[in-house]
Every structure is written in C-alpha cells, then in structure tokens.
Amino acid sequence: MTVLATGLDTTGAEYTERRAQMLAKLTEVGSAHAEATAGGGEKYVARHRKRGKLLARERIELLLDPDTPFLELSPLAAWGSDYPVGASVVTGIGTVEGVECLITANDPTVRGGASNPWSLKKALRANEIAFANRLPLISLVESGGADLPSQKEIFIPGGALFRDLTRLSAAGIPTVAVVFGNSTAGGAYVPGMSDHVIMVKERAKVFLGGPPLVKMATGEESDDESLGGAEMHARTSGLADYFALDEPDALRQARRVVARLNWRKAHPDPAPAAPPAYDEEELLGIVPGDLKAPFDPREVIARIVDGSDFDEFKPLYGPSLTTGWARLHGYPVGILANAQGVLFSAESQKAAQFIQLANQRDIPLLFLHNTTGYMVGKEYEQGGIIKHGAMMINAVSNSKVPHLSVLMGASYGAGHYGMCGRAYDPRFLFAWPSAKSAVMGPQQLAGVLSLVARASAAAKGQPYDEEADAGLRAMVEQQIESESLPMFLSGRLYDDGVIDPRDTRTVLGLCLSALHTAPVEGARGGFGVFRM
Ligand code: COA
C-alpha cells in the first residue's frame, strides 16, 4: 500500500476560511435543490395529492429497493431560465430488484408535467446514460406532452425521445413504461416504444388524440376511457401488458418486471473496499475561495480513494498534473488531477501516455479539474504546446474506457477539453459548488476585450475612452463570472449535477458501479495521428 500523507492543517485559519466559503456556496446550491424538489409548488402539490396521486419522487421511492440510494441527475436543469428549476422531470439511477436502472419520472405538478426545452435536454441526457452504461430504462409517465408555447424548440428535436427508446430496445437494453396519467399525442409513443408497459386503472390516458380532437377530426363522440384507458389497452388494444389497480400496484408490478429481466452486469463484483484514511468532511476546506491560489489535489485523492492508497505515475515529470492509480469502492481507476492549474507540454505528454496505459489495461479514468488551460507565451509556443495539448485531446477523445469528470475548481479554456469536459462525453460529469468553467477567467476575458478595443481605436486614430473602458470591463467581468458558476452551467445541462464535496466518493462509487453494467474495454489502437 502507498498511503498518501496529508499536509492539511484542519485547525489552521486557511482551512477554516476555505471551509466557511464552501459551506456558504453549498447553502446556495441547497436552496436551488429545494426549489427543484418543491416541484410546481404548494398549490399544485396539494391538488395532486387530493386526487389521490403520488408525487414523482414518491413514485421513485416506492419503485426502488428499500434503503437504497437514488443518484438524482441534472436536478438543477433549467436553473436561470424562464422555466421552473428541475425542468418538470426527475431523472436518476437507482436499484430495483437488485438491478441498477435509469429512472425518469415526469413531475405532473409542474405545468401538467409538460416538457419544455430543458426537460427535453434532461430526458435525452438520461437516455444517453442508459445507453452508454446499459442500464434498463424505467419511465414513470404522467405528462401534458409538449409545453405548447415552446413547441418550436422541442417538436422537431423531441422525436429523439421515442427513437432512443427503440434503439435501447434494439441494443438489448430493457425499457419499461409505467403510465400514471396523461400520455397523449407524442407521449403515447413512450408506452408505444417500450418493451414492457404497465397502466393504472382509471388513471392512464394513452391516445393519439383526446375526445375533443377526435370530435373535430372525424365527428366521432368518445370518452377518455374508451379511447385510451388502462382497461381498454389491457383488454382490447393490447398496448398495456399489465393492468394495475392503483399507483402502488403499478410500481409493484414494475418491480416484478425488472425481477424477471434476467439482467446481468458485465462486471458484477468489485474488490473489497476500505474507506479513505482521512475524513471526507475535510474535503470542504481544500479549495480556496480565490481559484488563483493553487491547492494540492492529492489532498482530495486521499479523501476519496480506497484506503487513501495511490500509486503516482511519473511524479517527477510534468508535476502540474498528478496522475496515478487507485481503487474507488473496489473499482480500479486511473486519476488525472490538475496540481498547479496550468498544463505545460510535459503534463500534456504525460496525460496522453497515462490515458493510453489505462486503455491497455481497461481501467476507467477520473479527471479532477482545476486548470486555467494550456500555457501561453513564446517559450511554450516554440516548445510545441499546441501539438502537445492536441496529443492529450486526441488521447481523451479516442479513449474508450469510461471517463468520470469532477470540476473542483477552475476548468478553463482548452484545459476543460483536455481534462474530458462535457463535449468529450465523460460517462458522468459533476461539479463542486466551488467550480468555474468558461473560455477563460472573467478578469482575463474582460482584459482581452479591453486590449482589443484599445487596439481597434488606435488603428482608427480615435482617442480611447478610459472611463467607458473601466465600466465595460466591470460589466463583462460580472457577466462572465455569473456565466461560469456551477448552478448556471448545471441549469444548461453542462454537467450531471452540482455535488457536495463530501459526497464525491459516494457519487463516484455509484457511477462506477452503474457503469460496470456495460463491458469496460479500452481502445487498443484507434487513436488519431499523434503529432509528436
Ligand atoms: N403546455 C403548456 N402548459 C401546459 C400544458 C402544455 N402541454 N399542459 C398543461 N399546462 C399548464 C396548464 O395551462 C396549467 O397552467 P395554469 O395552472 O397556470 O393555468 C397547468 O399546466 C396545469 O394544468 P391543468 O390542466 O390545470 O392540470 P391537470 O392536471 O388538470 O391536467 C393535463 C393535466 C396534462 C391532462 C391537461 O393540462 C392537458 O390536457 N394539457 C394539454 C395536453 C396536450 O394536449 N398536450 C399536447 C400534446 S403534444
């Protein structure tokens, strides 16, 4: 064992201050989460209950094995937009009859559970996770379909929801639909395209057009039950495989369906796992409020990996990027963590080599972000920083082992890409409340804009308005700062959630367990041309 040492002074002023700053940020994130769990608010929740219905999260709770965790994904979707936080749908990973499943549940208390552009993005992300990790998909359906005022944003791309269901099925990944209420028009294709369908008596409404639309179209008189009730679909159309007497009965039957899937994980048994040697609570006091000050990522690694046991790779070479091998909840991982913010040529080459090694050995990779990007300047350009950064980005792009990314601090510029940012398809990406991500830091960006404006004025022979420049810089800085914050980025689905640093090991453990449902196989070749 190579147990990491710690230099963290948990009695010192620096730790206390960092911890206080992190806790303040966590309070903000906590209130945004509370907004999401409140759904449509008191009035709509009360109405829903009065109708004898369960809330979306209560349905999930009854579906899951007792006392097992639910890893909720994208809970802050739509934050900062015109739509309610959470985007009228709950998604996440939970265990049903011992099987890790991807669960989605419409929240009918939010605008009738209708899907807006953010609900669509969130649902598509959930499908992507189900597909990549081979997780059975369970849809708990009760939705007003498309959010009609925003139909132009969702009608055409929304077709992907139904496409995904049948592609999952074609890939042998089970899909289960449980219909609790409205599932009309396009929504009818959720049960329509699912492998297994359960409908709740006198509640499910599954039709292409409701009674008013049918009357308009053909003049026929009809009613909800005969057009699309559970009983009709179970006895007559055959769309429902199982007829449930009420909501708990539907969830019980969904559990029976999963129990009979004969679903087996590709890698079922992780090695026994010892907890880290240091307290996870201390993860609160590591990241500085001002991200310009560096911090040692080994302090983080020591608090998330099994037994704090970490074998560092090339510790003396490219020291601004820490790389090495560990286990997390028994699963092997290769870790790449930014140590001093900047990525130089040596760090980039070391990363490319490390990623290739992980691929040869079929070991998932964990990227811990705190980078301001690749180094700029004459010396570095002449030293080939572009081609070395490209080498790292090539390795990340074509690597086939699963990647996990955690944004701890800064994640700026192409450094975000090289460290497996969102566009590089990490299986999961989470941010700490201390994270910031943008093309560059707010001050730097405002400064660059100002220099460009100054040069432009000089070229035209015009005087430069220093006062206006100061105002502009302050405004731009503030704008970029707010756009770099994790809640803003999470609202746009650029991560899978903002997590409490203390939960990092648990969250990553749940992800590692879920992703081992699919075979973990590295790329044995298939990289692009490495520009040496
Ligand atoms: N788009 C936008 N807003 C919608 C909506 C939709 N598809 N469906 C419902 N809403 C809104 C309602 O206008 C209402 O808003 P308000 O409370 O501010 O007035 C709120 O959501 C709740 O709807 P309400 O009808 O009171 O809820 P309900 O639980 O009694 O009924 C539905 C829910 C979904 C059955 C019903 O709203 C409905 O039939 N909606 C239209 C469904 C439809 O035709 N969708 C198009 C399919 S592509």
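Just so it is clear, the values below take in all heavy atoms, side chains as well, and ignore hydrogens, waters and symmetry mates. Each ligand, and each atom within it, is numbered from 1 in the order the structure gives.
Protein heavy atoms are absent from the space less than 4.0 angstrom from atom 37 (O) of ligand 1. When distances from atom 25 (O) of ligand 1 to the protein are checked, no heavy atom turns up under 4.0 Å. For atom 6 (C) of ligand 1, the nearest protein heavy atom lies under 4.0 Å away. Inside a 4.0 Å radius of atom 22 (C) of ligand 1 there is at least one protein heavy atom. Distance check on atom 18 (O) of ligand 1: some protein heavy atom falls below the 4.0 Å cut-off. Checking atom 42 (C) of ligand 1 against the protein gives a heavy-atom contact under 4.0 Å. In this structure, atom 28 (P) of ligand 1 is in close contact with the protein, since a protein heavy atom lies within 4.0 Å of it.
In this structure, a donor-acceptor pair under 3.5 Å is absent between the side chains of Asn133 and Thr517. A side-chain donor-acceptor contact under 3.5 Å links Lys265 and Ser513. Side-chain contact annotation: Ser169 with Asp195, donor-acceptor N/O pair under 3.5 Å present. Side-chain contact check for Thr506 and Asp503: no donor-acceptor pair (N or O, by modelled atom type) lies under 3.5 Å. Ser399 and Asn359 share a donor-acceptor pair across their side chains, judged by distance under 3.5 Å alone. Under the 3.5 Å distance criterion, with hydrogens and angles disregarded, a donor-acceptor pair is assigned to the side chains of Gln253 and Asp249.
A salt bridge does not link Arg203 to Glu142: none of the charged nitrogens lies less than 4.0 Å from a carboxylate oxygen. Using a cut-off of 4.0 Å between Lys/Arg side-chain N and Asp/Glu carboxylate O, Glu281 and Arg19 are scored as salt-bridged.
Relative ring orientation between His516 and His267 is described as perpendicular, the plane-to-plane angle rising above 60° on a 0-90° scale split at 30° and 60°.
If you check which protein heavy atom lies closest to atom 33 (C) of ligand 1, you get Gly112 CA, 4.5 Å. Here the protein heavy atom with the shortest distance to atom 39 (O) of ligand 1 is Asn182 ND2, 4.6 Å. The shortest contact between atom 2 (C) of ligand 1 and any protein heavy atom is with Asp147 OD1, 3.4 Å.
Near Ala146, with a cut-off below 4.0 Å to any heavy atom, the atoms of ligand 1 are 1 (N), 6 (C), 7 (N), 48 (S). Those atoms of ligand 1 that come under 4.0 Å of a heavy atom in Ala185, given as number and element, are 47 (C), 48 (S). Ligand-side atoms of ligand 1 in range of Pro149: 2 (C), range being under 4.0 angstrom from any heavy atom. Below 4.0 Å from some heavy atom of Ala114 lie the following atoms of ligand 1, by number and element: 1 (N), 5 (C), 6 (C), 7 (N). When each atom of ligand 1 is checked for a heavy atom of Gly144 under 4.0 Å away, the hits are 7 (N), 34 (C), 42 (C), 43 (C), 45 (N), 46 (C), 47 (C). Distances below 4.0 Å separate heavy atoms of Tyr44 from the following atoms of ligand 1: 16 (P), 17 (O), 18 (O).
Selection from Arg47, Lys205, Arg111 by nearest heavy atom to atom 9 (C) of ligand 1 gives Arg111.
Judged by the 6.0 Å distance and 45° axis criteria, Arg59 is positioned over the aromatic ring of Phe180.
Within the 4.5 Å cutoff, the side chain of Arg57 has heavy atoms near those of the Glu72 side chain.
Of the heavy atoms in Arg51, only side-chain atoms (C-beta onward) come closer than 4.0 Å to ligand 1.
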Passes side-chain contact (heavy atoms from CB on, under 4.5 Å), Trp432 versus Leu368? Steps please.
CA-CA 11 Å; Trp432 284 3; Leu368 298 174; over 6 Å; no

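Considering backbone and side-chain atoms together, Leu148 places an N or O closer than 3.5 Å to an N or O of ligand 1.
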